[in-house]
Amino acid sequence: MKRKVIAALLCTSMAITMMAGCGSNKKTGADNTGGTTKTETSGEEGNADAETETGTTEKKASGQMLTEFTEVPSDVDTEQTLRYAQGADPRGLDPAMIDDGESSKPICQMYEGLLKYGDSNTEVEPCLAESWEVSEDGLTYTFKLRQGVKFHDGTDFNAEAVKYNVDRQTVNKTEDMLYADFVYGDVTECNVVDDYTVEFKLGKKSTPFLNNLAMSLGAPMVSPTACDAASGNLNEAPCGTGPYKFVRWNKNEAVVMERNEDYWGEKGVAKEIIFSTIPDNSARVVALTNGEVDIIDGIDATVVDQITSAGCLLYQAEGMNINYMAYNTQRVTDPEIRKALNEAVNVPELVESIYKGYATQAATILPTFMPGYSADVKQTEYNPEESKKVLEEKGVTELKMMAYTNPRPYNTATGQTLAEALQGYFDKVGVKVSIDSYDWTTYKEKLGAGDYDMCLYGWIGDNGDPDNFMYLLTHEDPAMNVALYRDDEYNTMLSEAASMENGDERNGAYGKMEQKIADENVWLPISHQQNLSGYVSNVQNFIAHPTGNVFLSKTYKN
C-alpha cells in the first residue's frame, strides 16, 4: 500500500511597502496586485517607524502583499524587456556546479526540477513530475513524469533524462557539485521504470527529500545531450526546460535570455529578461531611479529613502536566512577562546547600527518562523570584561578575518562593512584583527584554502526545512562548512533528525543541535536580513520568493 505525499513545510509571511511609482502615470502601488489575487494587509498606514521594547527601530510596512501570481492581461506587451539588477555576477549557470544565490536567480528562469514551490512559500507542487507516491517504509519514491516536454536544445525530457541527472550527481559526482549531497545524499539508486516513470531508492528515511527536489540548485534537470557536448559543465552554456532560454553572458555585465516559445506550460510574458550585474548599492539604485533597470535587490537601509522618494516601490519581506561569522575550528581550536571572542561583540547594537531595522538579531541559526526554531537556545552573551581577561590569559593578540566586498541577500551592508564593525569590537578587548577582502567570486575560491581565523558568511534557506540550515555544519566541503567543523556526535544527531516525522520531537532535535553549536561557539550568529527589493511602479506580478529567488515568467510592465 502506497500513499500520495504532498509536502507543506512553510508559508512565509510577507509585506510590501507600496508608494508612488518612479514618476509613472500608470498603476501605483495601491493597485499593484490587481483586483483578483489573495492579499493581506499588514502593519500601519504610511511608512512610520516604531520603537520596539528593545529600543531598536522596526520598519512598519503597509499595503497589500502578493501571495500568488495574478492572471496576466490579454493586452499586455509581450515584446517587452524586463531588466533585473543584482549585486554580483553569477559564478556559473549550471545548477549542479554552483552554490550561490546570484547564480541561482538567472538559473530559475531557464531550468526546472521534478517539483517546484508555491508562488510565495515552500509548499511542494508538481512541475516536471505530475505526481508521486512514497512507499510505506519511506524508502522508495516513484514519480510520474510530464510528457511532451523538451529541453531547449530539442532533447526529450523523460525518465532516462532524470536518471542521467541523478547519476551525474551521485555515482558520477565531482568535487564541484556542492549541492549534490543536499539533494541526493540519501539516494542509493535511481531506476527507469518506463519512459515516463522513475523510481528513487533511499538508504534511509528523509523527511526533507521532496522539498529538496524543488530546490533551485542541484535539483533542476539539464539536457543530457547539451551536458555531454559541454564535457559535463554547462556553466557557460545552460540548457534546461524552463520558460526562458539562454542567449549570452557578458561576464561582470549581464546574462541575457529570451522567451522559450516551445515551453510546455504558460509562456513567459516578457520577450527578453536581462540580469545585470551592478556591484555598488548606490549605482544600482541610480540605475533603478533613472529607468535603466526595472527591479533591483541587495538593498540596504542607507538607500531605502532614495528609492521611495524617487517614487519607486519597496518590496519588504521576512528573510529565510542567516548572517554569521564563523571560526576556523581547525585553527581557533580552543572553545574558550571562541567564547571569549563572541563575548566581545555586542550583537544587538551591531545589528541595529548597521541594518537600522531592516534585519533582526539572530538568536539562533534558524529564523523564528521555521520548523525547528527554539526560543530556549542560549547564545554566548556580551561580556567585554570577561572577554578581555580570557583573551589576555590565552595570549590572543592577533587574528585574521576574511570578508567579501559586495552586498549579499543575508547581509546587504556588504561583508567589508560588517568586518570593520567586528574589527572595532575585537580591538576594544585587545585583539588586532586584520581583514582580507575579496569580490564574491574570488572570496569563494579563497575559502577553500582555509587561510583565516574567522570569516563572514551566510545562508538563504533553499527549501523551508531546518535540515537545509543545520546540514552546513556537517558538510565535507569547506566552501559550505566554512567553520571546518568536524564532530561525529553532531553528524549523528543531524542524520537522526532528518529521518524523523515533522513534529515536536523533530523540532526538539534541531533545538539540541543549535544549543551544541552555541555552547561550542562555532559561529557568531548575527542577523536575519529582510528581503528588500526595489522596483518601478509599472512592474506588475513581482514576488521575491522566501528562498531568495525570483521567478519572472509572469512579471511584466504595464
Side-chain angles (χ1 to χ4, degrees), residues 12-13 15 43 49-61 299-302 304 316-327 338-370 372-384 387 403 407-415 417-426 428-429 454-461 466 469-470 472-473 483 510-511 513-515 517-532 546 548:
T12 302
S13 164
D49 299 345
E51 291 297 316
T52 66
E53 292 181 1
T54 59
T56 61
T57 304
E58 180 182 359
K59 303 297 180 180
K60 291 293 185 182
I299 297 168
D300 69 4
T302 65
V304 167
Q316 188 175 348
E318 197 169 11
M320 191 168 67
N321 57 56
I322 177 67
N323 173 34
Y324 63 91
M325 183 186 75
Y327 294 101
R338 299 196 298 261
K339 179 181 179 182
L341 290 167
N342 278 359
E343 287 176 328
V345 182
N346 187 335
V347 177
E349 178 184 75
L350 173 69
V351 171
E352 175 58 27
S353 65
I354 292 181
Y355 305 111
K356 304 186 185 305
Y358 290 102
T360 57
Q361 179 189 354
T364 69
I365 294 171
L366 296 172
T368 57
F369 56 81
M370 281 195 63
Y373 166 77
S374 172
D376 295 331
V377 175
K378 303 299 181 186
Q379 302 289 343
T380 296
E381 296 184 354
Y382 178 55
N383 190 342
S387 171
R408 299 294 299 149
Y410 42 75
N411 175 20
T412 56
T414 78
T417 299
L418 179 56
E420 290 172 358
L422 290 166
Q423 184 184 51
Y425 284 111
F426 294 133
K428 290 178 182 179
V429 295
M454 61 260 278
C455 71
L456 300 183
Y457 216 53
W459 186 253
I460 305 170
F469 279 77
M470 304 307 292
L472 293 173
L473 287 151
Y510 286 107
M513 279 182 272
E514 287 248 35
Q515 191 60 64
I517 297 302
D519 291 343
E520 296 180 24
N521 290 276
V522 179
W523 286 4
L524 174 67
I526 297 171
S527 60
H528 301 298
Q529 178 77 47
Q530 288 185 6
N531 289 336
L532 297 177

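Counting only heavy atoms from C-beta outward, the side chains of H528 and F369 never approach each other to under 4.5 Å. The shortest side-chain heavy-atom distance between M470 and E514 falls under the 4.5 Å cut-off. Counting heavy atoms from C-beta outward, I365 and L472 have side chains that stay 4.5 Å or more apart. Annotation: side chain of Y510 is in contact with side chain of M513 (closest heavy-atom distance under 4.5 Å). Within the 4.5 Å cutoff, no side-chain heavy atoms of V347 are placed close to those of Y382. Between F469 and M320, some side-chain heavy-atom pair lies under the 4.5 Å cut-off.
The nearest pair of heavy atoms linking L422 to M325 is CD1-SD, 3.9 Å. Listed here is the closest heavy atom pair of I526 and L350: CG2-CD2, 4.1 Å. Closest heavy-atom contact between I322 and P525: CD1-CB, 4.3 Å. Nearest heavy-atom pair, T368 versus E318, reported as atom, atom and distance to 0.1 Å: OG1-OE2, 4.2 Å. When all heavy atoms are compared, the tightest approach of Y358 to L532 is CD2-CD1, 3.7 Å. The heavy-atom pair separating A344 from F426 by the smallest distance is CB-CD2, 4.0 Å.
To the nearest 0.5 Å, atom CD1 of residue I460 and atom CZ of residue R408 are 6.5 Å apart. Rounding to the nearest 0.5 angstrom, the gap separating the CD1 atom in I354 from the OG1 atom in T417 is 7.0 Å. Here the OH-OH distance, from Y324 to Y410, works out to 7.5 Å after rounding to the nearest 0.5 Å. Considering CG of N346 and CD of E352, their distance stands at 11.5 Å, rounded to 0.5 Å. The NZ atom of K339 lies 12.5 Å from the CD atom of Q379; values are rounded to the nearest 0.5 Å.
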Given the rule in the side-chain contact (heavy atoms from CB on, under 4.5 Å) test, do V429 and L341 qualify, once you have shown the distances and angles that lead to the verdict?
CA-CA 9 Å; V429 295; L341 290 167; 5.7 Å; no
Audit row: N411, Y355, side-chain contact (heavy atoms from CB on, under 4.5 Å) steps and yes/no
CA-CA 9 Å; N411 175 20; Y355 305 111; 2.7 Å; yes
I'd like to know whether V377 forms a side-chain contact (heavy atoms from CB on, under 4.5 Å) with I517, so could you lay out the CA-CA distance, the side-chain angles of the two residues, the decisive distance to 0.1 Å, and finally the verdict.
CA-CA 10 Å; V377 175; I517 297 302; over 6 Å; no
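Of the possible polar contacts, none joining the T412 side chain to the P409 backbone as a donor-acceptor pair under 3.5 Å is found. S527 places no side-chain N or O within 3.5 Å of a backbone atom of N323 that could act as its donor or acceptor partner. Side chain of N321 to backbone of Q529: a donor-acceptor contact under 3.5 angstrom is found. In this structure a side-chain-to-backbone donor-acceptor pair under 3.5 Å is present from N342 to W523. Side-chain N or O atoms of T364 include one that pairs as donor or acceptor with a backbone N or O of L366 at under 3.5 Å.
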